Amino acid sequence: MKSEDRKAAIAACKEQRVSAGIYAVRCVASGGTWVGRSPNLATARNRAWFMLRFGSHTHPGLQQAWRAHGEAAFTFEMVEILSEEDTTHFRDKRLKQRLEHWQAALKAGVI
């Protein structure tokens, strides 16, 4: 990779906006739904799928459904993206509040 290309790639990476919010993982086969919060929704799916593939997810019900039905039975959905106006301190509190809302609204487990 050329030096100019590398510098451009680094600059583009630094300019990426990070969106915090709430996501849902659904199992089509069982009808199960789990919701989670993330300060970076762009990486949430990769993180969850990685843990599930290696059997190390912290939610035993979700991990059990994954083992029973396989990856093809699961979907990932961003259900809410927080406003960029939320500062880090308020963002964490707001994420917790919105997670509780979506847990109740979707009758979901929390991950």
Side-chain angles (χ1 to χ4, degrees):
M1 179 179 261
K2 293 181 182 177
S3 177
E4 300 87 34
D5 293 340
R6 184 167 190 253
K7 287 179 184 178
I10 290 170
C13 188
K14 287 180 181 179
E15 289 178 15
Q16 281 184 337
R17 295 184 188 257
V18 176
S19 297
I22 307 300
Y23 62 91
V25 174
R26 299 177 194 263
C27 178
V28 179
S30 71
T33 302
W34 298 266
V35 292
R37 62 184 176 182
S38 178
N40 187 351
L41 284 174
T43 63
R45 182 188 181 280
N46 287 342
R47 183 177 55 252
W49 263 230
F50 178 85
M51 292 184 343
L52 288 163
R53 284 181 187 134
F54 288 97
S56 62
H57 202 281
T58 57
H59 192 286
L62 175 56
Q63 187 68 62
Q64 183 179 9
W66 182 276
R67 282 190 200 113
H69 303 290
E71 182 174 346
F74 286 82
T75 64
F76 180 91
E77 172 187 355
M78 293 181 204
V79 294
E80 183 174 350
I81 297 173
L82 293 187
S83 164
E84 291 181 22
E85 296 170 4
D86 290 324
T87 63
T88 301
H89 171 70
F90 294 114
R91 182 189 66 207
D92 293 339
K93 183 177 179 181
R94 184 80 172 136
L95 279 171
K96 184 177 179 184
Q97 291 170 340
R98 300 311 296 159
L99 180 65
E100 290 170 359
H101 164 79
W102 284 107
Q103 177 188 15
L106 298 175
K107 297 178 178 66
V110 173
I111 50 178

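For clarity, every value in this text was computed on a predicted model and none was experimentally measured.
- Counting heavy atoms from C-beta on, the side chains of H101 and Q97 never come closer than 4.5 Å.
- Between H59 and W34, the closest side-chain pair of non-hydrogen atoms falls below 4.5 Å.
- No continuous path of hydrophobic side-chain contacts links V25 to V79 [ILVMFWY only; heavy atoms under 4.5 Å].
- In plain terms, the two heavy atoms of R37 and D92 that are nearest each other are NH1-O, 4.1 Å.
- In this structure, L52 is not a member of the same hydrophobic cluster as V110, with clusters built from ILVMFWY side-chain heavy atoms closer than 4.5 Å.
- Between Q63 and W66, some side-chain heavy-atom pair lies under the 4.5 Å cut-off.
- Rounding to the nearest 0.5 angstrom, the gap separating the NE2 atom in H69 from the CD atom in Q64 is 8.5 Å.
- Hydrophobic clustering, with ILVMFWY side chains joined whenever heavy atoms are under 4.5 angstrom apart, keeps F74 apart from L106.
- In this structure, I111 and Y23 have side chains that are in contact, with non-hydrogen atoms separated by less than 4.5 Å.
- You'll find the side chain of R47 reaches within 4.5 Å of the side chain of S38, heavy atoms only.
- In the hydrophobic cluster analysis, where Ile, Leu, Val, Met, Phe, Trp and Tyr join through side-chain heavy atoms closer than 4.5 angstrom, L99 is grouped apart from L41.
- The hydrophobic cluster containing M78 does not contain L82, counting ILVMFWY residues as joined when their side-chain heavy atoms lie under 4.5 angstrom apart, directly or transitively.
- S19 and I81 get closest at one heavy-atom pair: CB-CG2, 3.8 Å.
- More than 12 heavy atoms of other residues, nucleotides or ligands shown are found within 6.0 angstrom of CD on E77.
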Kindly determine whether W102 and T33 satisfy side chain to side chain contact (heavy atoms under 4.5 Å, CB included), including the steps that lead there.
CA-CA 11 Å; W102 284 107; T33 302; over 6 Å; no
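- In this structure, M51 and T58 approach most closely via the heavy-atom pair CE-N, 4.4 Å.
- In terms of heavy-atom proximity, R67 sits nearest to G55 at NH2-O, 3.9 Å.
- Residues F76 and N46 are not in side-chain contact: their nearest non-hydrogen atoms beyond the backbone lie 4.5 Å or more apart.
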